Amino acid sequence: MDDAINGLLRPKGIAIVGASDTPGKIGHTVVKKLIEGGYEDGIYPVNPKADEILGLKVYKSVLDIPGRVDAAAITVPAKFVYDVAKECGEKGVKGLIIITSGFSEVGEVELEEQIVDLAHSYGMRILGPNVVGTLSNTDKLNASFAPFLPLKGSASLVSQSGALLIAMDAITYTRRIGFDKMISIGNMSDLNFADMVNYLDNDDNTKCLTLYIEGLKDGRRFIDESRQASKPIVVLKSGVSEHGAAAAASHTGSLAGATKVYSAAFNQAGVIQATDLNDLFDCTLALSLQPPMRGENLLVITNGGGVGVLATDSAEQANVPLKFAPKDVQEELKLHMPAFGSAKNPVDLTGMADTDWYHDTVNFAFTHDWVDALVVLYCETAMTNPMEIAQSIYKAISETGIKDKPVTVSFVGGERCEEAMQWLVEHDIPAYNAPDLAVKAMGTLHDFARLQEVKGDTSYENKQADSKAAREIIAKVRSDGRTALTEIESKRIFKAYGLPVVSTELATSEDKAIKLAEANGYPVVLKIVSPDILHKSDAGGVKVNLKDEASVRAAYQEILKNAKAYKADADVHGIAVQHMAPWATEIIIGSINDATFGPTVMFGLGGIFVEVLKDVTFRVAPISKAEAAAMLDEIKSSPILDGVRGETARDKAALADVLAKYAFMVADLTDEVKESDANPVLVYEKGNGVMVVDARIILKDK
Ligand code: ACO
């Protein structure tokens, strides 16, 4: 664990530079909150003009403080922060909590960078600037202007929004969801989400990482740190703008919105995505109190048919569909219900269910090997007391001593149910006021287990890759002053990475075109080759299914004529001749260089699937073959690859291999390639492989 970060977040001694005796000033509030929070390791207000603030001795400078000072909360105006930071460095402070605003968020980038450089020269780390501060229940530390420490618990929050952190702090009490730390991360001039994931994953007092993210600074590192983390991470990502997509030159670029790439990256990193603020709390509650759901068998026990049906519906949506319990389970459960109850799944104990029935069925079911997870539902009835039911459920679960199976609960009713659920949460059983939420929470625990499995293997070694050959082609294109590669150049690069391309050669005369057609075999396709004409079909630059010499000659002339009409001054290299591959299922593969995550690959089925339905999926490159295979199954139209309506299955193994090779290529050439497309790629029947028919690469501007 990084000593400086630990010193910042769990300091032994804290200075408040810019402390003030004037109530209402932030420098006053931070001192007050530190005192109220009960921090015991030394609170040192610093102000050149004051002698005493809130009963504490005030120091003229950090350098005058006699004791150890690990952290300094800075509340002086922006123009003084640099000098204050310097004094902190000289004092041996480990971390700065720069509450002050007025830096990069308003364009003052240089000042912010200077402070970071200065801090690093002293080995200090920075939280902020532009933060509310940092809180830690374990350390009774409220180094912020948030009103109080959160409800005690085992989740920790990192928030990019200060105001939201304060709001969530208060919600911890109404929702009864406990947190240990709440860290405001602000401008992330130094410490960012990746650092926080690393720190909190190693923090003994944190069981679940809850993140509110507006935008990541170092997406790659965030993925790496999250992948390595063993604790659950749940993220609420705001800011779903699709900026930049419209300006993209490639097909993939226009389909890749920021949200889709973020979602792909979170998935790869094993991070769970919350849909909104309530969901963020719901997920946090389950993930901080319960183990992951490792198997597939979810049993629901209820006293009401209606909530049972609602739970059944939600279970499908949450990817934990209910199955009938085995006979022996049903037989045992029947002993605890009237004849008109149901022992299938949901197990309906009926409205007659009392505390004993709940206790006995929950206890039996939770112990049974077939049951991987349990959701217990209760509808308030006149004959039962919700608190007693809650206590019987808790007793039944704790008596089993089982710690590696999850349970969630939903009580539907009035105030008495609310109280009972609070009691359950205080006893580490997540409870929700609607059956679908309890099931969804179980789905989240199931997702966590699944994501832990897939995030493991990420490597793909492409031994065939000839990076040198590819870079030579790129160098030649750059020396021509171009960034758009022709189809022939693009295909040569694809080939250098072992991708199966339909061989395409350049003809600069009709006679050469005939020779190439004969060599490759009829029928052939002719295509214009010009860096100035990227959308070849639109320019009338493509002629297909040419079966003989006469049609090749005619097509050759017509393409040249069309190209001239399309763009009179286009630099025409010649005409590409390729064998016309037999038609098969059309696929599109592409890449972009995402501003946050770098090289990112896209996969989808061609034609209307991509054009109209935008049925595509993304991954940050490189990807393993297993990840590539998962992408194939992720799109809505994936059944087409498995063979529908009597069609035979496509060669998914070869396609996954091509996808992984493609991702390897764009990752390897990330310093050069801006966007690329393989469109169409033809996928033949199982065992017959894949062919890239057209290829496009666009280089980064340098
Ligand atoms: N060392 C020690 N104390 C100093 C120094 C110094 N070098 N220089 C000035 N001070 C003292 C001042 O004398 C003053 O104390 P006083 O009240 O005894 O006179 C104190 O530091 C504060 O300085 P002021 O000039 O009074 O500044 P003020 O308190 O008005 O504002 C602040 C400072 C709060 C840092 C302001 O510049 C700011 O950035 N505000 C926004 C902060 C914020 O909202 N951050 C979180 C964003 S997240 C969210 O929005 C929820």
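Here the structure is a predicted model, which means the values were calculated and not measured. Computed from heavy atoms alone, side chains included, the values below leave out hydrogens, waters and symmetry copies. Atoms within each ligand, like the ligands themselves, are counted from 1 in listed order.
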Next on the checklist: At under 4.0 Å between heavy atoms, is it the side chain or the backbone of V131 that contacts ligand 1, or both, or neither?
Outcome noted: backbone
Checklist entry - Which heavy atom of the protein is the closest neighbour of atom 26 (O) of ligand 1, given with residue, atom name and distance? => result K25 NZ, 2.5 Å
Checklist entry - What protein heavy atom sits nearest atom 5 (C) of ligand 1, and how far off is it? => result V76 CG1, 3.4 Å
Checklist entry - Do any N or O atoms from the side chain of T210 and from the backbone of L157 form a donor-acceptor pair under 3.5 angstrom? => result no
Next on the checklist: When you measure from atom 31 (O) of ligand 1 to the protein, is at least one non-hydrogen atom found at a distance under 4.0 Å?
Outcome noted: no
Checklist entry - How far is atom 23 (O) of ligand 1 from its nearest protein heavy atom, and which residue and atom is that? => result P77 CD, 3.6 Å
Item to check | Distance in Å, S159 OG paired with L211 CG, rounded so as to fall on 0.5 Å steps | outcome: 9.5 Å
Item to check | Nearest non-hydrogen protein atom, atom 38 (C) of ligand 1 | outcome: S101 N, 3.9 Å
Next on the checklist: Yes or no: does G27 have any heavy atom under 4.0 Å from an atom of ligand 1?
Outcome noted: no
Checklist outcome for this item: for atom 17 (O) of ligand 1, nearest protein heavy atom and its distance come out as S20 OG, 2.6 Å
Checklist entry - What do we get for H28 next to ligand 1 when only non-hydrogen atoms under 4.0 Å count, side chain, backbone, both or neither? => result neither
Checklist outcome for this item: of all protein heavy atoms, closest to atom 48 (S) of ligand 1 is G162 CA, 3.8 Å
Checklist outcome for this item: Residue, atom and distance of the protein heavy atom nearest atom 22 (C) of ligand 1 read T75 O, 3.7 Å
Item to check | Ring geometry between W423 and Y394 (parallel below 30°, tilted from 30 to 60°, perpendicular above 60°) | outcome: perpendicular
